[in-house]
Structures are given as structure tokens and as C-alpha cells.
Amino acid sequence: MDNQNLFTKSAFKMALHCPMQAYYSRNEEYENQSVNDEFLKSLAEGGFQVGAIAKIYCNVSDENDLGNLHGYDAPLGRTRELFGQDTVNIAEAAFQYRNCFVRADIIQKDGNNVNLIEVKAKSWETGKSFLKKDNESIDGDIWEYVYDVAFQKWVVSHALKELYPDQPFTIRAFLMLADKTKVNSIPKLNALFRIKKGPDGRTCAEPTPEAQAILAAEHEHVIVPFDVDKECDMIIEGRTGEQIKKMGKKFEDFVQEQSERYVKNEKVYQPLGAKCFKCPFTLSEEGKAAHKKSGFVECWKERAHLTDADFEKPLIKDLNGTGLTRGENTKDNWIKEHIYFISDITEQKYPSKPDGKPGLSTSERKWLHIDSVKHGRNEPVILTDELRAEMQGWKYPLHMIDFETTASALPYHTNLRPYENIAFQFSHHIIKADGTIEHAGQFLDIDSDGCPNFTFVRELKKQLEQDDGSVFRYSHHENTILNGIHDQIAASDEKDKDELMAFIKSITHGGERDMIDLCDIVKRFYWHPSMQGSNSIKQVLPAVLQSSSFLQEKYGKPIYGSTIKSLNYTADTAIALLTKDESGNVQNPYKVLPTLGEIEDVIIERLAKDGDLTNDQLTQLIGSSQDEDDGGFEEDTKINNGGLPLVVYRYLQTFPHDGATAGGVRVETIREALLRYCELDTMAMVLIWEYFAHECGIIS
């Protein structure tokens, strides 16, 4: 049987979103980007650690963990052997029914009672229903996870009936999730598990030697099983309201049809829609070199009759941002009308409308993108009059701030809930009324055993309360983090809690010194074709630098650290923030940050070795930076939002340091790397301000 391709739970999950994705997934000639995405998401959220702690909580012994058994025959045979025991707990137990095959994360068998437990690094809350208010449909935030368990219950129930016809089993289905109502009571809980390669070469989380004893003691479990048995039965019986919309038919009919097609390796092209733009079966440069195929391209060639030349033109999927998901003008509706390319959009189809506010409306901004495609416009657009009026309302000195944060399903510290953010670093630049720029402050806590959030706010308060100048953030991240810390302080008994909460209230949304969102300023008053519809600071900064001869002349010289004061560069180590490649194109400063020695050579090597990361994964994980505006992974854990600080912070939690080294890396080198990295984020905000100020005639 091992040479067959059975319909697994991963194939089922793909088929839920698109049956063609299930087909592409079983055919290796198609490149699959979701392999990297899922790995990185699990690495960031702590998915590997959640799986490991679940086995401990569910009392699965090492000999009953079947994760090292591959194929179909070996795990099926071993599962049948273990089911001969009256009471047994199994990880990765295998079951087959007809063309369907599942590996259950955890099975607990007690006589004829079986608990089927699916483990996910997803958060939920005790008391929160898995059903919508109508009590007939699965909540949209959790539906695919519940369907996953329902599929497993369906397979396991039928498999056990076939294997043991005279021994009826009662099967109950559970989702084991991070419970956001629970508060962690174990110091460095996340660090009890270390990412490493298993004997079979796959990435796993291995408990540290002391983990079992620590977790055996009385403590609050933040990973808990939620009973979803009723919801699974509703799905299996075809009684949930979303089934026709999600699958086109009832559950059992869908499973039977898709499993047969999957086993036969049949293509059944689906109607095109906006969801196709999220297809993971696209080609990277590496995939092209390896002669892989693109499932995305194949579907559009088949259904929309596009040619290879058509894919050289910007598709409507490249029209980024909000505003095309509701009402008549949605990408779904355009596709139904055979509007596939940006150049096909007309003003009759998508009118450009002002919104009554200064600057560009959403539709006006999109029309700049559309016009640039239609007419080959390459010059930037900056609304200097409106922008100047906006800037004249800002109060000097201006304060640019940026935070580095992380979160995990298993909290790093006590008194934190799953996915509660840790603010461990900030950078702070000021711009004085005379145009003087200074890196005025910073904060970094990688040493304390406790959560640094309160100390973080105290230091931020101390730096910002020296005057009443305008404070700037880039997008919503800083506002969200501060509001979260406000709630933590409110629940604490800190002596200065009232002062800290008042400070947070003053600079967050609605406060008298409400932070100005520089990203919103960009959206309203600036557009550049090279940004390709994105407002990420990583896209805006190189566009600004490319546009401005003023910035090129000023920052092409090594003045940062000498003429411009820096807390991490000196006159002896001053750098030029702007460099050009051999073709004369301005290079993104994020890409040319000076080499940080051991931080790259040792930490990255260690992560690659222990975590089984490929070079592509490391590039995606560490080589990226601030990307607030473009979203990311769920639970506010964004791989591409400050990738290096997130990874290094996890590294330090995994390898406790003695003050001098951590996992073989000098702590001072790590500190220097983090400080310089975050400093660039706030200096990027300064550069954007400086460009705007120069173009508006505020500085010369």
C-alpha cells in the first residue's frame, strides 16, 4: 500500500480551499510555496513546542509516539498493535477508511472510549462558542480547524467499525489549542522545548532534561483541549450552514468525490476567483531553475485561456490594498466579467472618487497604479500643498519611534497569556525645529528573566515626556502594543501604574498626543510606481531615496554616526545610508546593513542546523524587516515584521546566556546587532520625513 497516494488530512484541508490545490500537492513537479510558509509560521508561533507539550499533557510515552514511522503500512500496523491494549495513549496513530488516511495527533483509548485530539498553535477562549450566533454554522475564525477534526473523526469511526465490528467505540473529538483566558505560571515555558532535527531529519521540538519534572508539578495549563464533538457531528451529518458555500455539496459527498479524484490523480479545474490569487503553487526563481511547474499559471491558462505572454502583464491581483473586497467592484466580480489585467480596468467599471479628506482617497490611489500600468508612468506623485498643510500642524521636536515585539503560543514569561506580546526593544529619533536629526534614545532588554513590558513603557515615558512634540509611528503596531501593555499594567499592582497608564492613554489613539501614523501620511500624499501598491516602509524607503537627489547627495556620504548623532555608530564607524549598485540604482538600506559578524555567521548557522532551515527560509525569516502594512501571520506574530529581532529573541530564550555568551555567540555582538537593526527603522522614518519636508519647501 505504501506506493499508493491516499487522501490524507492535509489533502482534505487543501481540497476545502481548492480541489486543484490537492491535485498539485500530490504531484511533485509543481512548486508549493506553502511548505515554507507553514514551516515559518509554526516556527514563529511556537507550533513545534505546542505539539511537544501536548504529548506531555496527554501522557504519550516515547514508545507510543509513531511520528518516526512513515508511509501507510508501518504506522497502521503499529496502531493496531497498540489498540490491543485496554488503555493506551498514542501520538500520530494511523487510520484508513477506503481512500482516506489520517494520522491523528493524539489518541487516548480507555476501553471502548476514544478521545481524538488535534493539536494546533491556534488560540481560542474558554466559554467561546465554535458556532456563529445562528448556532447552525461554524465560526469563520476556526472553521477549517473544526473541519479537519471532523474529517479525522469520520475516518477513525469508520476504520474502527471495520477493524472491530463487534466492539463499538465511542469517539469524542477535541481541538487542543492555546487558551487566551489562561495565565502562564512557569518561567520560560517556551524555552523548555528546543527546536532541532529529529532522527528522520524532520524538524521537531525536543523537551529539555528538566521539562518533564517542571510540567509534572501543579501549574496552569495554557494549552488545553476544547470539546468540538458536537460541531464535528453536525459537519459529518451535513447540518452546518456553510457546507454548500465552502464545498459545493454536503460533507460526506465532498469527501467521497475528492478522495476518489485524488487517488486517481484527476484534474478538475475550478471556477476562477479572487481566492486564486492566494494560490501557493507559484514559481520562485529557484523553482524555475529546477524546472518546476506553476499550478496557478496552469489554472489560468485552462480557465481564462491566458498565454505565457499574458503573465508578463500586471494582473488585477497586483492591485494591492483595501477597497476591492465588498460591493460591486470586487476582484471576484471582475473575474466573472473576464477582467483579468489592470490595463482592462476602466473608470466606468471602477470610478475614481474623492472621500472628502485631504489627499488621496483609496480609489484615487489605486487609479495612480492603474494609470501607471496603462500609460507607463514612472514618475512619483507627491501632493505638496496638502502635505505641507498637514506638516505645518506638527509640533517640534518630532519623535520617531519603532518597537520590536514577539509573541508565542507558549509564553516566554510568567503572568502572560498565549500570544500576549512582549515589547523588548524600541528605537527613538528626534527631529528638531532647525532640522537637526539625532538618535536620541533606545531600549533593549534581552537579559531579564521577567517580562520587560513595564520597564519598556517606563523608559519610553522618560524619553518622550521631556517635551510635548509630535510622536510618530509607522502603521498601527505601536498603538496596538501600547494598548495591550496598558491592560497588563491595569491588572498589576505596580506603584506607578496610574502614571504609566495615563502616559499610554496620552499617546495612543484618542489621546491628546495621539501618535501620528506616518504610513497614513504616505497613503494620503505620496505614491511611487516602484512601491507596486504597497505602503510597507521597506517599499516606501527605497522609492523615496530613488526619487530624491537631495537625499542621495546628503546620505551618500558617511555622515551617519558623525554629523548625525547615533547611539550605535561613532565618527570612527560612521556609515553612508545610501549606496548604489553597479547599475546606479539606489540600494535598499535594509539590504545593505553592515555585516554584523557573529550574528550572521553563528546564530544563522545554528538556527539552520537546529531548525532545519533552508537558505530560502533564512532569507525570508531573517533578511526581512518592517512590513506593518502588508499583514502577516495570525495572532499578531509576523515573520516579516522585524524578522531578525524576533528570531534573535527566540534564540536567546532557547540558549540561556551567562552574560558573556549565548549558544556560542557573544552577547555584546547580539546586543549590537539588535540595536543597529532597530535604529534603522526609526531612521527610515526620518528619511521619509526629510524627503517630504524638502519637497514641500520646509527644509532646503
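Just so you know, these numbers use all the heavy atoms, side chains as well, and skip hydrogens, waters and symmetry mates.
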- Message: I need the full list of ring-ring contact (aromatic ring centres under 6.0 Å, His included) pairs touching residues 254-274, with sequence neighbours left out, sorted by first then second residue.
- Response: F7-Y262

- Message: Looking at every heavy atom in both E31 and S284, which two are closest together, and how far apart are they?
- Response: OE2-OG, 2.6 Å

- Can you list the steps and then say if N5 with N265 is a side-chain contact (heavy atoms from CB on, under 4.5 Å)? CA-CA 9 Å; N5 278 287; N265 204 24; over 6 Å; no

- Which heavy atom of E28 sits nearest a heavy atom of K292, and at what distance? O-NZ, 2.7 Å

- Item | Side chain E242, main chain S137, donor-acceptor under 3.5 Å | no

- Message: Whether the side chain of S129 engages the backbone of L131 through a donor-acceptor N/O pair (distance < 3.5 Å, no angle test) should be reported.
- Response: yes

- Task: State which residues pass salt bridge (charged side-chain N to carboxylate O under 4.0 Å, His left out) with K246; sequence neighbours excluded, sorted by chain then number.
- Result: none

- Heavy-atom closest pair, residues W154 and V255: CZ3-CG1, 3.6 Å

- Query: side-chain contact (heavy atoms from CB on, under 4.5 Å) with E29: which residues, sequence neighbours excluded?
  - Reply: N27, K293

- Output the distance between atom CG (L319) and atom CD1 (I316), rounded to the nearest 0.5 Å. 8.5 Å

- Query: With a 4.5 Å limit on heavy-atom distance, are the side chains of F311 and K301 in contact?
  - Reply: yes

- Return the minimal non-hydrogen interatomic distance between R103 and Q152, and the atom names on each side. O-OE1, 4.1 Å

- Applying side-chain contact (heavy atoms from CB on, under 4.5 Å) to D581 and not counting sequence neighbours gives S583, N585, Q587

- How many angstroms lie between CZ in F341 and CD1 in I370, if you round to the nearest 0.5 Å? 15.0 Å

- Query: Is a donor on one side and an acceptor on the other found under 3.5 Å between the side chain of Q243 and the backbone of I235?
  - Reply: yes

- For F281, enumerate each residue passing the ring-ring contact (aromatic ring centres under 6.0 Å, His included) test, keeping only those at least two apart in sequence or located in another chain. Y24

- Message: The test is side-chain contact (heavy atoms from CB on, under 4.5 Å); show your working for S34 and M14 and say whether it passes.
- Response: CA-CA 11 Å; S34 68; M14 282 199 168; 3.9 Å; yes

- Query: Would you call K264-E260 a salt bridge at under 4.0 Å N-O?
  - Reply: no

- Please list, chain by chain and in numerical order, all residues satisfying salt bridge (charged side-chain N to carboxylate O under 4.0 Å, His left out) with R26, sequence neighbours excluded. none

- Note on the structure: Of all heavy-atom pairs linking Y147 and L16, the shortest is CB-CD1, 3.8 Å

- Item | Intermediate values then yes/no, side-chain contact (heavy atoms from CB on, under 4.5 Å), E302 and C299 | CA-CA 5 Å; E302 177 67 26; C299 280; 5.8 Å; no

- Task: Taking the side chain as every heavy atom from C-beta outward, state whether V155 and Q96 have any atom pair closer than 4.5 Å.
- Result: no

- Is there side-chain contact between L360 and L368, with at least one heavy-atom pair below 4.5 Å? yes

- So do F296 and Q33 actually touch side chain to side chain, heavy atoms under 4.5 Å? no

- How many angstroms lie between atom OG1 of T240 and atom CG of D134, to the nearest 0.5 angstrom? 10.0 Å

- Measure across A11 and A22 and return the closest heavy-atom pair with its distance rounded to 0.1 Å. O-CB, 3.8 Å

- Qualifying residues under side chain to side chain donor-acceptor pair (under 3.5 Å), relative to K374, sequence neighbours excluded: none

- Could you tell me whether a side-chain N or O of E252 sits under 3.5 Å from a main-chain N or O of G238, the two making a donor and an acceptor? no

- Message: In the structure I gave you, are the side-chain heavy atoms of W367 and E347 within less than 4.5 Å of one another anywhere?
- Response: yes

- Query: Going by atom types alone, do N535 and Q539 pair a side-chain donor with an acceptor below 3.5 Å?
  - Reply: no

- Distance col, row C18:SG vs M20:CE, nearest 0.5 angstrom, shows 7.0 Å

- Item | E337/K349 ion pair, N-O < 4.0 Å | yes

- Does P225 reach the side chain of I106, with side-chain heavy atoms less than 4.5 Å apart? no

- Task: Give a yes/no verdict on a cation-pi contact between K120 and Y145, requiring under 6.0 Å between NZ or CZ and the six-membered ring centre and an angle within 45° of the axis.
- Result: no

When the side chains of residues 270-278 are checked against the rest of the protein, which donor-acceptor pairs come out under 3.5 Å, sequence neighbours left out?
unit_1	atom_1	unit_2	atom_2	d
Q270	NE2	V268	O	2.7
K275	NZ	H17	O	2.9

- S157 OG to F95 CZ distance, which is reported to the nearest 0.5 Å: 10.0 Å

- Query: Among side-chain atoms of Y23 and E298, is any donor-acceptor pair under 3.5 angstrom?
  - Reply: no

- Residues in side-chain contact (heavy atoms from CB on, under 4.5 Å) contact with D229, at least two apart in sequence or another chain: K153, R172, A173, D227, D233

- Answer yes or no: is there a side-chain heavy-atom contact under 4.5 Å between K9 and D148? yes

- Query: Are there more than 12 heavy atoms of other residues, nucleotides or ligands under 6.0 Å from atom NZ of K353?
  - Reply: no

- Message: Looking at V586, is its backbone amide N or carbonyl O close enough to the side chain of Q546 to form a donor-acceptor pair, meaning the two atoms are under 3.5 Å apart?
- Response: yes

- Taking atom NZ of K13 and atom CD of E144, what is their separation to the nearest 0.5 Å? 8.0 Å

- Is there a donor-acceptor pair under 3.5 Å between the side chain of K523 and the backbone N or O of R365? no

- Query: Side chains of T346 and Q348: donor-acceptor distance under 3.5 Å anywhere?
  - Reply: no

- Query: Are any side-chain N or O atoms of Y72 and backbone N or O atoms of L6, one a donor and one an acceptor, separated by less than 3.5 Å?
  - Reply: yes

- Item | Over 12 non-hydrogen atoms of neighbours within 6.0 angstrom of NZ in K267 | yes

- For A684, what residues pass the side-chain contact (heavy atoms from CB on, under 4.5 Å) criterion, not counting sequence neighbours? I537, L541, Y590

- Task: Would you check if the side chain of D105 reaches a backbone N or O of V119 as a donor-acceptor pair within less than 3.5 Å?
- Result: yes

- Item | Residues forming a salt bridge (charged side-chain N to carboxylate O under 4.0 Å, His left out) with D355, sequence neighbours excluded | R524

- Item | S530-H528 side chain donor-acceptor pair, cut-off 3.5 Å | yes

- Task: Given side-chain contact (heavy atoms from CB on, under 4.5 Å), test F101 with T8 step by step and report yes or no.
- Result: CA-CA 5 Å; F101 176 85; T8 62; 4.2 Å; yes

- Item | Partners meeting salt bridge (charged side-chain N to carboxylate O under 4.0 Å, His left out) with E237 (sequence neighbours left out) | R239

- Message: Quick one, P75 and E92 - any side-chain contact, counting heavy atoms below 4.5 Å?
- Response: no

